J.: 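Before we start, here is the structure in question, set down as structure tokens.
Order of the sequence lines fixes the chain letters, A, B, ..., with proteins taken first and strands second; residue numbering starts at 1 for each chain. Since this is a predicted model, take the numbers as computed values, not measurements.
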2 protein chains.
Amino acid sequence: MPYPAKTSPEAILETALELLEQEGQANLSMRNLAQQLDLKAPSLYRYYADKKALEVAMVGYATDLLRQQIESGIEGLVPRKALKKAAEIYLEFTRAHPNLYALTMNASRFPYHPSGTGKALWNVLLAVVGRVTKNPDDTAATVALWAFLHGFANLEHSGMFGPSGPKGGFEVGLSALLEGFKTRAT
Amino acid sequence: MPYPAKTSPEAILETALELLEQEGQANLSMRNLAQQLDLKAPSLYRYYADKKALEVAMVGYATDLLRQQIESGIEGLVPRKALKKAAEIYLEFTRAHPNLYALTMNASRFPYHPSGTGKALWNVLLAVVGRVTKNPDDTAATVALWAFLHGFANLEHSGMFGPSGPKGGFEVGLSALLEGFKTRAT
DNA sequence: GTCTATATGCGGATAGAC
DNA sequence: GTCTATCCGCATATAGAC
């Protein structure tokens, strides 16, 4: 008869995030998570209906955090600088939380849900790009930037660049896209 | 006492490739694979030491096939056209074999091995980009292109573009990169 | 609210008979 | 070369006692 409760939805979420980053997605099991919280696995189901519900919460946290970091990081910058800064923050985020980012983007398992935190993040990127291309709803250009950022982060995290590394590929690609987007504005 | 053998390394590999595309990576188990071949799982270990060895063979097949398709597809094209064509073939490949492509690029599990088929594929991309940037060893630009292609393919396959789709983002990004690469040549 | 015990299912891989 | 039988481990999730 433990009072008060030994845990909470927030504590579970926090611990899950830590466990994900430290042990990787493959080791994020309800058993391991419970162990970290000095609990047994069945107790977790009082707070999250199933594992997917917990993952949805984790993805929501991730997209919200990234959006916040970008929004505050680009404040007061002119369009071009803002886009570059947003790209850098995005990449830094994928480096700081590689497994959380992978979970977030591996979300083909979650049904598309337009009114989520992912939509808010998308809108921030859309606005940043729009200020450069002079088109506030430039889906195509935003998709292009997103693809580049995501691809670079993913290849880097997967170790696909090998021991020699990307050799300035990020800066070159970002500059080229910016150049192309400027042309697009005229 | 079955003579001749009921299977072969080649037949196993082929069936594994089919099974991967049809059922997805999660369902590619030694048991399922054996069933497709009218075998029992233990028999497979006579031909591949373990599952990882089989996956290595699959990745080798994928990178080799993609390299071949790009090489023959760009034959006789001028540099700019060749790069565009190579990018299109790359994307088409990821659409034709999404799960095989994912396995190939998910290869952080495989140790980096410079003398594999992946290196040959990289060299083709390097040459294609080099003809545009007038630098036969332009690692940075090749990384940028690769990141864009991989990112776009990955986001598309994950359903991250949502119901509205990428809205021309591929063409816009590719043109922007090409534009930037041309500038790089001067 | 947490626990033990369990249902149920999956996977990779091996030993040893035939 | 293929098989049966098995070991061993992992997982999500539930029932019901406390």
J.: How close or far is atom C1' of D:dA11 from atom CG of A:L28, stated in whole angstroms?
T.: 12 Å
J.: If you only use heavy atoms from C-beta on, which nucleotide in C:dG11, C:dT14, C:dG12 is closest to the side chain of B:M30?
T.: C:dG12
J.: C:dT14 C1' sits how many Å from B:L44 CG, rounded?
T.: 14 Å
J.: Could you tell me whether the side chain of A:K6 and the main chain of A:D38 form a donor-acceptor pair under 3.5 Å?
T.: yes
J.: Here's a test of your reading of the structure: between A:K52 and B:K40, which maps to the more 5' nucleotide of DNA chain D?
T.: B:K40
J.: Look at all strands and tell whether B:Y48 reaches a base, only sugar-phosphate, or nothing, counting heavy atoms closer than 4.0 Å.
T.: nothing
J.: For the residue pair A:F152 and A:F161, is the inter-centroid distance of their aromatic rings smaller than 6.0 Å?
T.: yes
J.: How many Å lie between NZ on B:K51 and C1' on D:dC10, as a whole number?
T.: 14 Å
J.: Rounding to an integer number of Å, can you tell me how far B:R46 CZ sits from C:dG12 P?
T.: 19 Å
J.: A:L54 has an atom CG; how far is it from atom P of D:dT12, in whole Å?
T.: 10 Å
J.: Nearest to the B:L39 side chain among D:dA13, D:dG1, D:dC3, which nucleotide is it?
T.: D:dC3
J.: Could you tell me how far apart B:L19 (CG) and C:dG11 (P) are, to the nearest whole angstrom?
T.: 11 Å
J.: Which one, D:dT4, C:dC3, D:dT2, comes nearest to the side chain of B:T7?
T.: D:dT2
J.: Between D:dA11 and A:S29, is there an OP1 or OP2 to side-chain N/O distance shorter than 4.0 Å?
T.: yes
J.: If the cut-off is 4.0 Å, is B:S43 near the phosphate of D:dC3, judged by side-chain N/O to OP1 or OP2?
T.: yes
J.: Specify the residue among A:Y45 and B:A41 whose closest nucleotide of DNA chain D lies further upstream toward the 5′ end.
T.: B:A41
J.: Tell me whether the centres of the aromatic rings in B:Y101 and B:Y90 are closer together than 6.0 Å.
T.: yes
J.: Quick one, A:H150 and A:N154 - any side-chain contact, counting heavy atoms below 4.5 Å?
T.: yes
J.: Could you tell me whether B:E71 and B:R67 have a side-chain N and a carboxylate O separated by less than 4.0 Å?
T.: yes
J.: Could you state the CZ-P distance from A:R31 to C:dA7, rounded to the nearest angstrom?
T.: 14 Å
J.: Quick one: A:Q35 CD to C:dC3 P, roughly how many Å, whole number?
T.: 12 Å
